[in-house]
**Q** 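Please see the structure below; I have some questions.
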Amino acid sequence: MNNDLYIYNTLSRKKELFVPINPNHAGMYVCGPTVYGDPHLGHARPAITFDLVFRYLQHLGYKVRYVRNITDVGHLESDADEGEDKIAKKARLEELEPMEVVQYFSDRYHEFMGRLNVLKPSIEPRASGHLIEQIAMISKLVEAGIAYESNGSVYFDVEKYNQTKKYGILSGRVLEDLLANTRDLEGQDEKRNSFDFALWKKAQPEHIMRWPSAWSEGFPGWHLECSAMSTKYLGETFDIHGGGMDLMFPHHEAEIAQSTACNHKPPVKYWMHNNMITINGQKMGKSLGNFITLEEFFKGSHPALTQAYSPMTIRFFILQAHYRSQLDFGNEALQAAQKGFDKLMKAMLTIQKIAPQSTSTADIASLEKLCYEALNDDFNSPILIANLFEAVRIVNSAYDGKEKLTAEDISQLKKLFSTFAIEILGLLPEVDPAEGGKVVEGLMKLILEIRANARANKDWATSDRIREELAAVNISVKDTKDGATWSID
RNA sequence: GGUAUCAUGGCCGAGUGGCUAGGCAACGGUCUGCAAAACCGUGUACAGCGGUUCGACUCCGCUUGAUACCUCCA
């Protein structure tokens, strides 16, 4: 592999050359969704970010095992709810079995990720299916003396861990500072220190989701599943761990501590974190109540949206920003993304119509090189897209006869688009639902024939009227040298 | 309060110690019966104040502002 890939590692806060632990293989774990609500734009960002990583690693020839979990137990509600499980709460409210809720929202998640053309991970483990592994891990930590039982619950002893290892290496936290900034929270009295975190929680009587263990009937702590499942499927040390920046502390920090204490080696070589999506400069999140679900985006049914946006528009919008930058949502920006995306897709059709020349005025090989350089520089998709637009310019110019392309150039350009736009960025031309209709096809043929006749008679009034009336129902007609073409907007 | 990140033209968003990011919008032009598309051209953008430097938007310091995390969140 002569492509040197550099990845920004949160651990070192530097771009580092990617060297896999096992040659030609890559292991990646990404924190997936907690399935108690409809997928929103915030879910799309990490899914698409690590989809790009997954696709590019595969393109480079790595055999990738990509594990993305589904959290279906263990996330505690806020202290106001006295530690009730999020899934259980929703289930009780709707009088459903917890697993019914999990099933429904998992399906919804998969449906919308599919529409965003996000590839399925290699393994998608559920926390509820790995109780044995989690309990085994807790036992190991208790035996090692790094975890302690208290009133049926088990906590990780952060201070003790910190005596031999360093707690806070990922987020730059210092234990003393954490101690100084303690707040009063429920259940705090069971812990030795406020920053200790739960490995196992004893279930309250009204708690529906519960499993037996040596300590109590209860459920696993919310950081544990990722440690248990990543170790199981990727090994004690694996290549890449991804997730949203908001998970850096305490979630990923806790993962590092648990896994290190358990396996006596650092669990992850490269930590990658995607940044947040903001709306009016504020994070889009469930707790803030300002999130827009993907369904609302696709239907345009949210007050903040002036129109519907297609899945590919959303995907393109997200990829136009670097994954480590904050991305601000806005209708103007979305509309710009939609138009830019259309332009890119149109060029892929235009390229089919270019007549090869004997000489060339374009340098496709250097363009390809720039595309690889962009991706190798910490997956810089905005730069890659800028380069693809250079290719678009070349294609359109060639179609206008202002650039000359050889047959070889044309095939290189086709390859460039199929490799970078479709295969790696995962952008697909969107099939208009109405376009397949034979009826519409036939009607349009007839209408355009009539219009062509009118035009032959220089009956511009009729010609224009047809075009305008069609425009009113979102069909645009464009006159070219070879006759009129139409498309549904 | 602590930790971290950021501040780029009408909007979104890259990047760099001196050389055009890109997309959208706007304006002018080519083409066209008109329109659209496409192509060509146009924008004293780098929060403020100091400092380093031959030269800073890019490095350093301060100020102001914003965001994230410190409590479930992608």
Side-chain angles (χ1 to χ4, degrees), chain A residues 10 13 30-34 36-37 39-47 49-50 74-81 83 86 168 171-174 176-178 180-183 185-186 195 222 242-251 253 273-278 281-288 291 316-317 320-322 324-341 343-344 346-347 350 374 377 380-390 392-393 395-403 455 458 460 463-464 467-468 471 476-481 485 487:
Chain A
T10 311
R13 316 229 172 233
V30 174
C31 292
T34 303
Y36 70 103
H40 59 84
L41 192 58
H43 290 106
R45 174 98 113 142
T49 296
F50 294 104
H75 270 208
L76 298 175
E77 276 285 14
S78 67
D79 46 331
D81 290 304
K86 271 185 179 168
S171 58
R173 301 297 151 103
V174 181
E176 291 75 58
D177 294 344
L178 289 172
N181 289 296
T182 301
R183 297 190 202 178
L185 293 171
E186 296 269 336
F195 42 67
W222 46 281
M245 253 181 148
D246 50 345
L247 297 176
M248 223 159 88
F249 189 92
H251 184 60
E253 206 69 77
H273 290 95
N274 64 275
N275 215 135
M276 305 289 104
I277 288 179
T278 57
Q282 208 190 17
K283 187 174 87 161
M284 187 179 287
K286 262 173 259 193
S287 53
L288 294 164
F291 64 95
F316 187 74
F317 173 67
Q320 255 192 324
H322 185 78
R324 281 191 289 114
S325 295
Q326 249 177 40
L327 174 58
D328 197 47
F329 155 87
N331 279 291
E332 245 187 300
L334 259 314
Q335 279 159 12
Q338 186 183 51
K339 293 207 175 171
F341 174 71
K343 188 173 173 179
L344 187 61
K346 265 185 201 152
T350 305
D377 185 15
N380 199 323
S381 54
I383 296 282
L384 170 59
I385 289 171
N387 288 320
L388 289 178
F389 274 111
E390 173 60 16
V392 169
R393 208 214 86 239
V395 167
N396 286 330
S397 293
Y399 186 59
D400 277 3
K402 287 167 186 159
E403 292 254 19
R455 288 167 61 76
K458 296 203 185 284
W460 308 124
S463 165
D464 287 356
R467 189 175 59 201
E468 280 157 25
S476 58
V477 173
K478 283 157 196 167
D479 294 317
T480 70
K481 286 173 237 161
T485 63
S487 60

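Values below: every heavy atom of this structure, side chains too, minus hydrogens, waters and symmetry copies. Quick note on labels: first sequence line is chain A, next is B, and so on, each numbered from 1.
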**Q** Ignoring backbone atoms, test whether A:Lys343 places a side-chain nitrogen or oxygen under 4.0 Å from the OP1 or OP2 oxygen of B:rC24.
**A**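 Yes, because at least one side-chain N or O of A:Lys343 sits under 4.0 Å from OP1 or OP2 of B:rC24.
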
**Q** Using the C1' atoms only, state how far B:rA25 lies from B:rA66, rounded to an integer number of Å.
**A**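 Roughly 25 Å separates the two C1' atoms.
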
**Q** Rounded off to whole Å, could you give me the NZ-to-P distance for the A:Lys339 and B:rA25 pair?
**A**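 Whole-Å distance recorded here is 4 Å.
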
**Q** Is B:rC57 paired to anything, Watson-Crick or G-U wobble with both distances less than 3.5 Å, and if yes, which nucleotide?
**A**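 Checking every strand shown, B:rC57 finds no partner, since no pair has both distances under 3.5 Å.
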
**Q** Roughly how far apart, to the nearest Å, are B:rA21 and B:rC72 at atom C1'?
**A**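 My reading of the C1' atoms in B:rA21 and B:rC72 gives 40 Å.
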
**Q** Whom does B:rC24 pair with, Watson-Crick or G-U wobble, provided both distances fall under 3.5 Å?
**A**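 With both distances under 3.5 Å, B:rC24 matches B:rG10.
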
**Q** Find the distance between CG (A:Leu344) and NZ (A:Lys346) and round it off to the nearest 0.5 Å.
**A**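 Here the rounded value is 11.5 Å.
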
**Q** Are A:Lys458 and A:Trp460 packed together at the side-chain level, in the sense that at least one heavy-atom pair is separated by less than 4.5 angstrom?
**A**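 Yes, at least one pair of side-chain atoms sits under 4.5 Å.
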
**Q** So what does A:Ser476 hit on the nucleic acid, given a heavy-atom distance under 4.0 Å: a base, only sugar-phosphate, or nothing?
**A**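 Since no nucleic acid heavy atom lies under 4.0 Å of A:Ser476, the category is nothing.
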
**Q** Just name whichever nucleotide pairs with B:rU3, Watson-Crick or G-U, keeping both distances under 3.5 Å, else none.
**A**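 Across all strands, the one nucleotide that pairs with B:rU3 is B:rA68.
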
**Q** Restricting to ring pair (Phe, Tyr, Trp, His ring centres under 6.0 Å), what partner residues turn up for A:Phe317, sequence neighbours left out?
**A**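 Partners of A:Phe317 by the ring pair (Phe, Tyr, Trp, His ring centres under 6.0 Å) criterion come out as none, since no residue qualifies.
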
**Q** Judged by each residue's nearest nucleotide on RNA chain B, which is more toward the 5′ side, A:Lys346 or A:Ala321?
**A**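 Taking each residue's closest nucleotide, the earlier one in sequence belongs to A:Ala321.
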
**Q** Find the distance between CG (A:Asp464) and CZ (A:Arg455) and round it off to the nearest 0.5 Å.
**A**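 If I round to the nearest 0.5 Å, the distance is 8.5 Å.
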
**Q** Could you tell me how far B:rA4 sits from B:rA38 if I compare only their C1' atoms? Round to whole Å.
**A**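 It works out to 46 Å between them.
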
**Q** Might you list the N or O atoms of the protein lying below 3.5 Å from N or O atoms in nucleotides 28-33 of chain B, with each pair's distance?
**A**
| unit_1 | atom_1 | unit_2 | atom_2 | d |
| --- | --- | --- | --- | --- |
| B:rG33 | O6 | A:Arg455 | NH1 | 2.5 |
| B:rG33 | N1 | A:Asp464 | OD1 | 3.2 |
| B:rG33 | N2 | A:Asp464 | OD2 | 2.9 |

**Q** Can you name the residues that form a side-chain hydrogen bond (donor to acceptor under 3.5 Å, both in side chains) with A:Asn331, not counting sequence neighbours?
**A**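 A:Asn331 satisfies side-chain hydrogen bond (donor to acceptor under 3.5 Å, both in side chains) with A:Thr306, A:Tyr309 once adjacent residues are dropped.
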
**Q** For A:Gln320 and A:Pro382, work out which heavy atoms get closest and say how close.
**A**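 The pair with the smallest heavy-atom distance is O-CB, 3.3 Å.
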
**Q** By nearest atom, which of the nucleotides B:rU5, B:rC11, B:rA14 is closest to the A:Pro382 side chain?
**A**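 The answer is B:rA14.
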
**Q** Tell me what A:Asp400 touches on the nucleic acid: a base, only sugar-phosphate, or nothing, going by heavy atoms under 4.0 Å.
**A**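 The answer is base, as A:Asp400 lies within the cut-off (heavy atoms under 4.0 Å) of a base atom.
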
**Q** Look at all strands and tell whether A:Gly42 reaches a base, only sugar-phosphate, or nothing, counting heavy atoms closer than 4.0 Å.
**A**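 Contact class for A:Gly42: base.
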
**Q** What heavy-atom pair brings A:Val477 and A:Arg467 nearest, and what distance separates the two atoms?
**A**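 Taking every non-hydrogen atom into account, O-CD, 3.7 Å.
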
**Q** Rounded at 0.5 Å granularity, tell me how far OG1 in A:Thr49 sits from NE2 in A:His322.
**A**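 Between atom OG1 of A:Thr49 and atom NE2 of A:His322 there are 9.0 Å.
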
**Q** Between B:rG51 and B:rG15, how far apart are the C1' atoms? Round to whole Å, please.
**A**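 Comparing C1' positions in B:rG15 and B:rG51 gives a spacing of 24 Å.
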
**Q** When the nearest nucleotide of RNA chain B is assigned to A:Phe329 and to A:Arg393 on a heavy-atom basis, which residue is associated with the more 5' position?
**A**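 So the residue in question is A:Phe329.
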
**Q** The criterion is ring pair (Phe, Tyr, Trp, His ring centres under 6.0 Å); which residues satisfy it with A:Phe50, sequence neighbours excluded?
**A**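 By the ring pair (Phe, Tyr, Trp, His ring centres under 6.0 Å) rule, A:Phe50 matches no residue at all.
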
**Q** Taking all atoms of both residues into account, what is the closest heavy-atom pair of A:Met276 and A:Arg45, and its distance?
**A**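 Heavy-atom minimum between the residues: O-NH2, 3.1 Å.
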
**Q** Rounding to an integer number of Å, can you tell me how far A:Gln335 CD sits from B:rC12 C1'?
**A**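 Nearest whole value for this atom pair: 12 Å.
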
**Q** Can you check nucleotides 15-20 of chain B for protein contacts, nitrogen or oxygen pairs under 3.5 Å, and list what you find?
**A**
| unit_1 | atom_1 | unit_2 | atom_2 | d |
| --- | --- | --- | --- | --- |
| B:rG15 | OP1 | A:Asn380 | ND2 | 3.2 |

**Q** When all nucleic acid strands are considered with a 4.0 Å heavy-atom cut-off, which category describes A:Gly330: base, sugar-phosphate, or nothing?
**A**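 A:Gly330: no heavy atom of the nucleic acid under 4.0 Å.
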
**Q** Between B:rU8 and B:rU20, how far apart are the C1' atoms? Round to whole Å, please.
**A**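 Approximately 15 Å lies between the C1' atom of B:rU20 and that of B:rU8.
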
**Q** Polar atoms only, N or O, under 3.5 Å: list the protein pairs with nucleotides 65-69 of chain B and their distances.
**A**
| unit_1 | atom_1 | unit_2 | atom_2 | d |
| --- | --- | --- | --- | --- |
| B:rU67 | O2' | A:Gln326 | NE2 | 2.5 |
| B:rA68 | OP1 | A:Lys283 | N | 3.2 |
| B:rC69 | OP1 | A:Lys283 | NZ | 2.3 |
| B:rC69 | O2' | A:Arg173 | NH2 | 3.3 |
| B:rC69 | O2' | A:Phe249 | O | 3.3 |
| B:rC69 | O2 | A:Arg173 | NH2 | 3.1 |

**Q** Calculate the interatomic distance between A:Phe389 atom CZ and B:rG23 atom P; express it in whole Å.
**A**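 Atom CZ in A:Phe389 sits about 6 Å away from atom P in B:rG23.
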
**Q** Taking the P atom in each of B:rG29 and B:rA35, what is the distance between them to the nearest angstrom?
**A**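 One P to the other, the span is 11 Å.
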
**Q** What is the separation between atom CZ on A:Phe291 and atom P on B:rC73, rounded to the nearest whole Å?
**A**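 Taking atom P of B:rC73 as the reference, CZ of A:Phe291 is at 15 Å.
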
**Q** What is the separation between atom CG on A:Asn396 and atom P on B:rG23, rounded to the nearest whole Å?
**A**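 So the CG-P distance, A:Asn396 to B:rG23, works out to 11 Å.
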
**Q** Just how far, in rounded Å, is P of B:rG13 from CZ of A:Phe316?
**A**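 The distance from CZ of A:Phe316 to P of B:rG13 comes to 14 Å, rounded to the nearest Å.
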
**Q** What is the distance, to the nearest angstrom, from the CG atom on A:Asn274 to the P atom on B:rC73?
**A**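 It is 14 Å, rounded to the nearest whole Å.
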
**Q** Do the non-hydrogen side-chain atoms of A:Ile383 and A:Asn387 ever get within less than 4.5 Å of each other?
**A**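 Answer yes - side chains close enough.
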
**Q** Tell me whether the rings of A:Phe389 and A:Phe316 are parallel (<30°), tilted (30 to 60°) or perpendicular (>60°).
**A**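 Judged by the thresholds at 30° and 60°, the geometry between A:Phe389 and A:Phe316 is perpendicular.
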
**Q** Assess the side chains of A:Asn275 and A:Ser325: does a donor N or O sit below 3.5 Å from an acceptor N or O?
**A**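 Note: A:Asn275 and A:Ser325 side chains miss the donor-acceptor criterion.
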
**Q** Over all strands shown, is A:Leu327 touching base, sugar-phosphate only, or nothing at heavy-atom distances under 4.0 angstrom?
**A**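 The answer is sugar-phosphate, as A:Leu327 gets under 4.0 Å only of primed atoms, P, OP1 or OP2.
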
**Q** Compute whether any side-chain donor of one residue and acceptor of the other, for A:Ser171 and A:Glu253, lie under 3.5 angstrom apart.
**A**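 A pair is found: one side chain offers a donor N or O, the other an acceptor, under 3.5 Å apart.
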
**Q** Need one value for A:Ala333: base, sugar-phosphate or nothing, where a base atom within 4.0 Å counts as base even if backbone is also close, heavy atoms only.
**A**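 The residue A:Ala333 makes sugar-phosphate contact but no base contact.
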
**Q** To the nearest Å, how far apart are A:Phe195 CZ and B:rU3 C1'?
**A**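 The distance from CZ of A:Phe195 to C1' of B:rU3 comes to 16 Å, rounded to the nearest Å.
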
